[in-house]
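To start, the structure itself, in structure tokens.
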Amino acid sequence: MQRPAGHSVRPNLGDYEEARRSFSWSDARSALDGLPNGGLNIAHECVDRHVAGGRGDRLAIRWLGRHGESEDLTYGDLRKLTNRFANVLGGLGLRRGDRVFVLTERIPELYVSVLGTLKHGGVACCLFSAFGPEPIRERMTIGTARVLVTTERLYRRKVAPIRDQLPELEHVVLVGANGAATDLPGTLDYAQLMHAADDEFDVVATRPDDMALLHFTSGTTGKPKGAVHVHEAVLAHMVTGRAALDLHDDDVYWCTADPGWVTGTSYGIISPLANGVRSVVDQGDFDADRWYQILEDQGVSVWYTAPTAVRMMMRVGADVAREHRLPQLRFIASVGEPLNPEAVRWGEEAFGLPIHDNWWQTETGGIMIANFAATEIRPGSMGRPVPGIEAAILRRDDHGRVVVVNGAPEVVREPLVEGELALRRGWPSMFRGYLGDPERYAKCFLGDWYLSGDLAMQDTDGYFWFVARADDVIKSAGHLVGPFEVESALMEHPAVAEAGVIGKPDPVAGEMVKAFVVLRPGVEPTGELQQELIGFGRARLGAAIAPKELEFRTDLPKTRSGKVMRRLLRARELHLPEGDLSALETEG
Ligand code: ATP
Ligand code: MG
């Protein structure tokens with residue numbers, strides 16, 4: 001493949017060490033406007049700031065409809081529409097801090113509603129539109145939703161049946177099909193309200209630590225938690241968009257995540273807008289051909305996606321990628337799960353570009369650890385902390401005290417020692433609570449450190465390597481086994497498309513490793529292949545860590561955000577209760 005033209009772009013973060021040394025959040029803050037008397041509002045920074053700076057004609061969002069329709073919104077259009085929506089909320093009597101839930105597909109009204117809510121001083125929470133009534137009810141109850149923006153179709157199927165269980169919900173605003181009016185009893189019509197609303201609105205002078213966004217975690221390891229984020233988070237979204245996604249002024253950026261997940265809000269709405277770039281928003285679901293076509297037709301230059309999507313694209317093969325001309329594409333990044341080294345290399349093969357893994361959580365609000373455009377990528381590693389973030393590996397010593405083993409890149413004392421990945425508290429997009437669960441929140445902190453619940457290690461050059469979620473780690477014959485390492489090894493076999501690995505009680509070893517494997521299309525699941533894969537695992541990993549049992553599956557259980565739910569594989573294998581399944585995607 002020829003080298004894409006975009007390669008000549010100079011990375012924002014040229015010298016990593018220097019950028020870390022010289023970074024300060026207060027300096028970074030000077031790129032934002034702020035509001036009088038120390039106020040700060042995400043929507044002002046994302047929209048009005050650019051319009052006031054003479055950039056109102058720039059394209060902010062190119063929306064691609066499911067059936068080939070499209071709509072362009074400039075920053076100027078967004079300003080007017082979000083002002084109108086803020087006025088609509090005012091008309092409905094919304095107070096500062098009230099919660100506005102948005103349950104729609106990725107349509108322009110979603111983006112307008114979220115930003116308009118923020119302008120009005122409300123709290124926005126997006127729910128993934130594929131959720132069923134119960135997960136919707138559960139989340140709207142935790143969040144005490146006062147207004148819901150949804151579509152007529154979704155309302156009929158998912159909200160009407162539970163509406164009487166949501167006593168706090170005062171207003172339901174419906175977006176009709178293709179903007180047509182709706183007149184269902186007990187609902188208001190979005191188009192009508194917007195039509196009647198004024199184009200001008202004075203952004204509410206929210207404080208930096210006022211609650212702005214509510215995000216539910218993916219529910220991979222248990223019941224989803226509602227993480228509270230504040231207006232100040234916009235600073236981290238802007239800074240990390242530049243540092244970790246290398247966003248430049250003239251980029252065409254595509255974040256494939258749905259705003260129902262934190263990635264789809266932090267990096268599908270706020271970060272690109274805060275950086276004034278043009279975003280592609282696709283309403284459609286994952287489809288390899290569709291995605292390649294979008295990358296080509298829209299001239300996407302920076303693409304932020306997830307390992308699950310990369311693995312699905314790998315399934316259809318690199319040849320399909322090479323059929324498309326993607327001269328603009330220059331930077332690819334991924335988040336959400338460990339990115340197998342095989343996937344990093346596949347990026348090189350398919351696009352002539354490696355895939356940059358980065359790590360963060362709903363709780364961290366923004367990217368914390370990343371592989372950067374200008375720094376060496378170590379396949380399988382999450383990279384190094386973004387400037388402004390201090391990450392560390394914590395362990396308990398012989399007396400049960402928690403000690404910092406390794407800190408920022410310059411203090412790696414014990415390379416490759418496993419421990420809990422922690423972050424020094426105080427970055428702007430740090431969550432400020434789990435709604436309704438202050439005890440759980442308090443447990444996440446130890447002194448100055450936020451404990452992520454993930455196990456990781458750090459190499460001598462400061463790169464962090466994901467080991468496992470603390471809940472997923474397998475203890476086999478005195479070894480701590482992270483499923484990721486085993487899954488990645490299996491994925492190197494040409495027959496394997498995906499793998500999920502769990503620990504199973506074993507009288508001798510304590511736990512033994514069991515793998516569930518999805519094969520590439522056209523590969524037969526034979527007993528021979530099963531033995532071959534077990535042998536392959538042993539050769540790569542050694543007998544102590546390699547799976548002793550291996551089973552073929554046509555699919556793995558995943559969260560709706562695309563993460564393998566190992567806890568469910570394990571529960572089913574051991575006939576244990578399956579736990580909270582509200583985040584489970586329907587299995588194929
Ligand atoms: P829940 O907290 O409800 O179990 P979740 O942890 O999957 O769900 P998210 O906040 O969406 O919810 O995901 C964050 C987690 O995803 C991280 O803690 C980590 O376990 C995993 N993760 C994200 N990015 C990476 C990455 N690059 N490498 C490895 N793991 C990652
Ligand atoms: Mg989590």
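In listed order, ligands and their atoms are each counted from 1. Numbers here are sequence positions counted from 1. None of the values given here were measured: they were computed from a predicted structure.
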Reported CG-to-CD distance for the pair Asp258 and Gln283, which is rounded to 0.5 angstrom
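That separation rounds to 10.5 Å.
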Ignoring hydrogens, just give me the one of [options] whose non-hydrogen atom is nearest [atom].
{"atom": "atom 9 (P) of ligand 1", "options": "Met565, Gln361, Lys563", "result": "Lys563"}
{"atom": "atom 8 (O) of ligand 1", "options": "Thr263, Asp357, Thr220", "result": "Thr220"}
{"atom": "atom 27 (N) of ligand 1", "options": "Asn358, Ile369, Val335", "result": "Asn358"}

Protein contact of [atom] - nearest heavy atom, named by residue and atom, plus distance:
{"atom": "atom 29 (C) of ligand 1", "answer": "Pro338 N, 3.2 Å"}
{"atom": "atom 10 (O) of ligand 1", "answer": "Thr362 OG1, 2.5 Å"}
{"atom": "atom 6 (O) of ligand 1", "answer": "Arg469 NH1, 2.9 Å"}
{"atom": "atom 11 (O) of ligand 1", "answer": "Ser218 OG, 2.8 Å"}
{"atom": "atom 26 (C) of ligand 1", "answer": "Glu337 O, 3.3 Å"}
{"atom": "atom 4 (O) of ligand 1", "answer": "Thr221 OG1, 2.4 Å"}
{"atom": "atom 19 (C) of ligand 1", "answer": "Asp454 OD2, 2.9 Å"}
{"atom": "atom 22 (N) of ligand 1", "answer": "Gly336 O, 3.3 Å"}

Would [X] pass as a cation-pi partner of [Y], given that its NZ or CZ must be under 6.0 Å from the six-membered ring centre and within 45 degrees of the axis?
{"X": "Arg378", "Y": "Tyr463", "result": "yes"}
{"X": "Arg424", "Y": "Trp449", "result": "yes"}
{"X": "Arg384", "Y": "Tyr16", "result": "yes"}

- Message: Tell me which one of Leu339, Leu245, Thr240 satisfies side chain to side chain contact (heavy atoms under 4.5 Å, CB included) with Asn358.
- Response: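 Testing each of Leu339, Leu245, Thr240 against Asn358, the sole residue satisfying side chain to side chain contact (heavy atoms under 4.5 Å, CB included) is Leu245.
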Next on the checklist: Checking side chain to side chain contact (heavy atoms under 4.5 Å, CB included) between Phe216 and each of Arg139, Lys225, Lys223, which is the one that passes?
Outcome noted: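 Only one option passes, and that is Arg139.
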| For ligand 1, the portion of Phe466 having any non-hydrogen atom under 4.0 Å away |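 The answer is the side chain.
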For Phe484, which part has a heavy atom under 4.0 Å from ligand 1: side chain, backbone, both, or neither?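 Neither part.
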State yes or no: are the ring centers of Tyr450 and Phe431 separated by less than 6.0 Å?
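Yes, the ring of Tyr450 comes within the 6.0 Å limit of the ring of Phe431, centre to centre.
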* According to the interplanar angle, ranging from 0 to 90°, do the rings of Trp303 and Trp254 count as parallel (below 30°), tilted (30 to 60°) or perpendicular (above 60°)? ->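 Taking Trp254 first and then Trp303, their aromatic rings lie parallel (interplane angle under 30°).
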Need the ligand 1 atom indices (1-based, order shown) with element for anything under 4.0 Å from a heavy-atom of Lys225.
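Every atom of ligand 1 under 4.0 Å from some heavy atom of Lys225: 1 (P), 2 (O), 3 (O).
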Item checked: Salt-bridge contact Lys558-Glu337 (side-chain N to carboxylate O under 4.0 Å) ->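 So Lys558 does not pair with Glu337 through a salt bridge.
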